[in-house]
Novice: 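One structure, as structure tokens, below. Some questions next.
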Amino acid sequence: MVEPDQVVADQLCLSSSQQHYLYRVLRLGAGQQFVALDGQGQQWIATLTAQSDVAAIAPLPLPSSATQAPITLAIALPKGSGFDDVVRQTTELGVSTLQPVISDRTLHQPNPKKLDRWQRIAAEATEQSERLLLPHILPPMPWRDYLKQVSEGNRWICVARGDAPHLLAAAQASDLARPTVIATGPEGGWTEAEVEGAIAMGFQPVSLGPHILRAVTAPLAALTLVTAARTLGEFKDI
């Protein structure tokens, strides 16, 4: 991941840590190439030069996936350090925004410093997966407060029991060119009042299948189902 001020004309000025990674860890040398990303939608093919702190760059075209409608995951914070893994894995899967929420059954009250850690994890996962856009990770907030600010678009709340339609079917029947919000609950699930409050704000209850998923598994399953539905829809349009 590079900062905007590292790019000057057709050159990339490499920091000492980037030089160490490229030359010592990856064992690249002059003339060899790598992909540089800024996390804001720009990417370049970079070629190492005889100067160890400079790489020549040329812009790469923007893939269609970079312009897709955003997907937000509103995730009830799991206990312990489980959210670290959620950040890493959902970043790799292409989430646009992560909104940690505090529900009635949330056991974990995060330290304010956790947000910086989550943002660093997201930056590392963005670089590792060669994503163009760094996901937004927002400060935790109460679920009821979050419901008051959700904008228009597809809105689904994942519930573990009942006869709610499967998320994949709901996604395939929806316009995925619109922004999407998917909410997943805590250990023990959403309370009845929380689900009713979400429905009142336009959320549709959906199922992730017949099994009870852990709070750290449900976001990954939900994101995978919606991105799969979007991909299948794109193939149909070809």
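Side chains are part of it too, since the values below use all heavy atoms of this structure and drop only hydrogens, waters and symmetry mates.
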Novice: Please round to the nearest 0.5 Å and tell me the distance separating atom CG of L98 and atom OG1 of T72.
Specialist: 8.5 Å
Novice: State plainly whether the residues D84 and R120 are in salt-bridge range, i.e. N to O under 4.0 Å.
Specialist: no
Novice: Can you tell me how far apart CD1 (I121) and CD1 (I137) are? Round to the nearest 0.5 Å.
Specialist: 8.0 Å
Novice: Are more than 12 heavy atoms, taken from residues, nucleotides or ligands other than H166, located less than 6.0 Å from that residue's NE2 atom?
Specialist: yes
Novice: Could you check whether any side-chain N or O of T217 sits under 3.5 Å from a backbone N or O of L213, counting only pairs where one atom can act as donor and the other as acceptor?
Specialist: no
Novice: Give a yes or no answer on whether the side chain of Q89 reaches the backbone of V86 with a donor-acceptor pair at less than 3.5 Å.
Specialist: no
Novice: I want to check something: taking the side chain as every heavy atom from C-beta on, are L48 and L22 in contact at a cut-off of under 4.5 Å?
Specialist: yes
Novice: Under a single-linkage definition using a 4.5 Å side-chain heavy-atom cutoff for Ile, Leu, Val, Met, Phe, Trp and Tyr, are I212 and L220 assigned to the same hydrophobic cluster?
Specialist: no
Novice: Using the side chain to side chain donor-acceptor pair (under 3.5 Å) rule, take Q19 and S16 through it: C-alpha gap first, then chi angles, then the decisive distance, then the call.
Specialist: CA-CA 5 Å; Q19 293 175 57; S16 57; over 6 Å; no
Novice: Please name the pair of heavy atoms, one in A164 and one in P205, separated by the smallest distance, quoted to 0.1 Å.
Specialist: CB-O, 3.6 Å
Novice: Give a yes or no on whether the backbone of L176 and the side-chain of S174 come within a donor-acceptor separation of less than 3.5 Å.
Specialist: no
Novice: Between atom CG of L167 and atom CD1 of I182, what is the distance when rounded to the nearest 0.5 Å?
Specialist: 6.0 Å
Novice: Answer yes if V54 and V7 sit in the same cluster of Ile, Leu, Val, Met, Phe, Trp and Tyr residues linked by side chain heavy atoms under 4.5 Å apart, and no otherwise.
Specialist: no
Novice: Heavy atoms only: give me the nearest A229-Q172 pair and the separation to one decimal.
Specialist: CB-CG, 3.9 Å
Novice: For the atom pair CD (Q32) and OH (Y23), what is the distance rounded to the nearest 0.5 Å?
Specialist: 9.5 Å
Novice: Can you find a pair of side-chain heavy atoms, one from V25 and one from H20, that are under 4.5 Å apart?
Specialist: yes
Novice: Report yes if some heavy atom in the side chain of Q11 is under 4.5 Å from a heavy atom in the side chain of I57; otherwise report no.
Specialist: no
Novice: Between T91 and S129, which heavy-atom pair has the shortest distance, and what is it?
Specialist: O-OG, 4.4 Å
Novice: Got a salt bridge between D116 and K113, using NZ or NE/NH1/NH2 to carboxylate O under 4.0 Å?
Specialist: no
Novice: Can you see which heavy atom on Q6 is nearest to which on S15, and at what distance?
Specialist: NE2-N, 3.9 Å
Novice: Can you confirm whether R230 sits close enough to I71 that some side-chain heavy atom of one is under 4.5 Å from a side-chain heavy atom of the other?
Specialist: yes
Novice: Give me the atom names and distance for the closest heavy-atom approach of L14 to S52.
Specialist: CD1-O, 3.7 Å
Novice: Give the minimum heavy-atom separation between T106 and A76, together with the two atoms involved.
Specialist: OG1-CB, 4.3 Å
Novice: Is atom CZ of R178 surrounded by more than 12 heavy atoms (other residues, nucleotides or ligands) closer than 6.0 Å?
Specialist: yes
Novice: For R88, I'd like to know if atom CZ has over 12 heavy atoms of other residues, nucleotides or ligands within 6.0 Å.
Specialist: yes
Novice: Let me confirm one number: the OG1-CH2 distance from T184 to W190, rounded to the nearest 0.5 Å.
Specialist: 6.5 Å
Novice: Taking the side chain as every heavy atom from C-beta outward, state whether W143 and D104 have any atom pair closer than 4.5 Å.
Specialist: no
Novice: Quick one: do I102 and L138 end up in the same hydrophobic cluster if we chain Ile, Leu, Val, Met, Phe, Trp and Tyr together by side-chain heavy atoms under 4.5 Å apart?
Specialist: no
Novice: Kindly check if the number of other-residue, nucleotide or ligand heavy atoms within 6.0 Å of CG (D163) is above 12?
Specialist: no
Novice: Using only atom types and a distance under 3.5 Å, with no angle test, would you say the side chain of R155 pairs donor to acceptor with the backbone of M201?
Specialist: yes
Novice: Below 4.5 Å, heavy atoms only, C-beta onward: do L12 and F34 meet side chain to side chain?
Specialist: yes
Novice: Show the numbers, then the answer: is there a side chain to side chain contact (heavy atoms under 4.5 Å, CB included) between T90 and L73?
Specialist: CA-CA 9 Å; T90 56; L73 286 174; 3.6 Å; yes
Novice: Under the 3.5 angstrom rule, does the side chain of R131 hit a backbone N or O of L93 as a donor-acceptor pair?
Specialist: no
Novice: Just by distance, do the side chain of N154 and the backbone of D175 share a donor-acceptor pair under 3.5 Å?
Specialist: yes
Novice: For P70, give me all partners under side chain to side chain contact (heavy atoms under 4.5 Å, CB included), at least two apart in sequence or on another chain.
Specialist: S96, P179
Novice: Heavy-atom distance under 4.5 Å between the side chains of V2 and W44, does that happen here?
Specialist: yes
Novice: So, does R214 use its side chain to make a donor-acceptor pair with the main chain of V216 at under 3.5 Å?
Specialist: no
Novice: For the atom pair CG (L134) and CD (E124), what is the distance rounded to the nearest 0.5 Å?
Specialist: 11.0 Å
Novice: Taking the side chain from Q149 and the backbone from Y146, do they hold a donor-acceptor pair closer than 3.5 Å?
Specialist: no
Novice: Is there side-chain contact between E194 and R144, with at least one heavy-atom pair below 4.5 Å?
Specialist: yes
Novice: Please determine, by modelled atom types, if W156 and Q204 share a side-chain donor-acceptor pair under 3.5 angstrom.
Specialist: yes
